[in-house]
J.: 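Sharing a structure below in structure tokens format, with a few things to ask.
Indexing begins at 1, ligand by ligand and atom by atom, following the structure's order. As a basis for the values below, the full set of heavy atoms in this structure was taken, side chains included, without hydrogen atoms, waters or symmetry mates.
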Amino acid sequence: MMKTLCALLSKLPIKWKIMLWSTGIMCILFAVYNAAQFITLGQWLNNQERVSMQKSMAQIQEYYQEKKTVLDVDQVRNSKSYLEKIIERRQLIRILDQNGLQIIAVSNRLPDDWVPPEESYQSLFISVWHDNEHLLVLRSPIHTDHFQGTVEIVNNLETLDQISNIILVVMVIAGLGAIFFSGFGGFLLSKQLLHPIQSLVETIQNIKVKGLQERVRPMNNNDELSRLAHHFNDMMDQLETSFQQQKQFVEDASHELRTPLAIMKGHLSLLKRWGKNDPQVLEVSLDAAIQEFQRMEGIVQELLELTRSESDHPEALIEIVKPSAFVQQCVERFSSAHPNMVFETDLHFTESDAIEVVPYQLEQVLVILLDNAVKYSADNNVVRINGMKQNHFVKIRVTDSGIGIPSDELPYVFDRFYRVDKARSREGGGTGIGLAIAKRLVERNRGKITIMSKEHYGTTVTVSIPACSKTE
Ligand code: ADP
């Protein structure tokens, strides 16, 4: 039974759970509080009644004690008028002799046969019932020189019980009202609290149906749930951007691969039609096909490197590198493959300057920059490499005096497959991926890369890597 109830409760929506809990707790609180209040009040009223009966008893005792020396049965009989004067509503006063026989009885709306007379040797209260009437009896002995007996005062507690009943009814009604309002309040509160969660659930459902662009409606308050909604939206923004980037990447890559494939197809058709018998056409077409193959190979290789630069960054490969010797070595290695170019290095690093990088990644960055400087140098054959430490950053600068980049194209050169002059760049073997790889690699090494260029004057690319605080 208890188990099925728990299982049933656990299946309820949170809204109803909150409401049930708040109502249940309110119910228990009210029951305990009202019961305690009711019992205390009942006891207090009962006490008041006893005090008032004791007062009447004391008054009667005093009256008889004053006549102590002369008081006898006749005198007691004559005291009826006094008793009639002091009797209260719904009360019975009786004087009994020492055998418990009634001498006089004065009553106010309380028939004297409801309580049988009984002598008593000590003062005490007794609670008795006559049918539905609740009666309280106080008996107290009288001792005078010529008279021994008992004074009996009987009070009907009907009024007291009525008051108690009214209080009980009021408490129950007020309690039920409070429970209803607390349940209603709990319902409103849970509705208010769960509103953001509800809209989160709706948004997630919509995302499934309509796509990633769905967002939770922004809320103005700054509570935990609105922050949850805010973070959810942020997460969805990131997810959407990364999805779009992936899509863009696939589109760009397939577009880039389509060009060499189309060229190769053209040359192969040419070969099929004319080339078999014309050695000149054969030679030219095969050369062109091989060239396009090499280009495709290059694109595929660079794509792989780009993916690698995005994903892999093994911590174990990070080394503390002295920039001076490192840059010098890289430039020397690169320059040996370009005997026609002049590489001027001007490095201002001290012995203590160091950076924490993955060396092969930084070398790859420098090769990309030097390669671009050579590719786009036109007639000018001097490339300058500067190095210095500035504001806790090690800066390496590659400058050429080549064709430069128009200022409106400058913001896009770090994008994948972006080429300023498509035709010329293709001729020079450019794929438009080099700078994108360089940027990714620099960022993976916690650095920044910037480019400055003026068309027909030249280009400067600066790589800044945070200088290492630990020096050997
Ligand atoms: P690519 O393989 O085509 O050189 P990059 O990503 O390295 O691709 O460069 C993107 C574009 O930026 C190039 O197509 C080129 O037009 C331009 N660019 C890059 N470096 C230089 C430079 N040093 N001088 C002039 N233009 C450059």
J.: Can you name the atoms of ligand 1, numbered from 1 with element, that are less than 4.0 Å from a heavy atom of Lys375?
T.: 1 (P), 2 (O), 4 (O)
J.: List ligand 1 atoms under 4.0 Å from Tyr418, heavy atoms only on the residue side.
T.: 10 (C), 11 (C), 14 (O)
J.: Between Phe125 and Arg50, is there a cation-pi geometry (under 6.0 Å to ring centre, at most 45° from the normal)?
T.: yes
J.: On the 0 to 90° scale, with breaks at 30° and 60°, tag the Tyr418-Tyr412 ring pair as parallel, tilted or perpendicular.
T.: tilted
J.: Using a 4.0 Å cutoff against the non-hydrogen atoms of Ile433, which atoms of ligand 1 qualify?
T.: 6 (O), 8 (O)
J.: Considering Ile368, Asp400, Ile403, which one's heavy-atom position lies nearest to atom 23 (N) of ligand 1?
T.: Asp400
J.: Less than 4.0 angstrom from a charged side-chain N to a carboxylate O is my criterion; do Glu363 and Arg333 meet it?
T.: yes
J.: Select the closest option to atom 6 (O) of ligand 1 among Thr459, Leu435, Val420, judged by heavy-atom distance.
T.: Leu435
J.: Using a 4.0 Å cutoff against the non-hydrogen atoms of Arg419, which atoms of ligand 1 qualify?
T.: 3 (O), 14 (O)
J.: Is a donor on one side and an acceptor on the other found under 3.5 Å between the side chain of Asp353 and the backbone of Thr350?
T.: yes
J.: State whether a side-chain donor-acceptor pair under 3.5 Å links Glu133 with Asn156.
T.: yes
J.: Examine ligand 1 and decide if any of its atoms is less than 4.0 Å from a heavy atom belonging to Gly402.
T.: no
J.: Counting heavy atoms only, which of Gly434, Gly404, Gly432, Ser401 comes nearest to atom 1 (P) of ligand 1?
T.: Gly432
J.: Please determine whether a side-chain nitrogen of the Lys or Arg among Asp237 and Arg215 lies less than 4.0 Å from a carboxylate oxygen of the Asp or Glu.
T.: yes
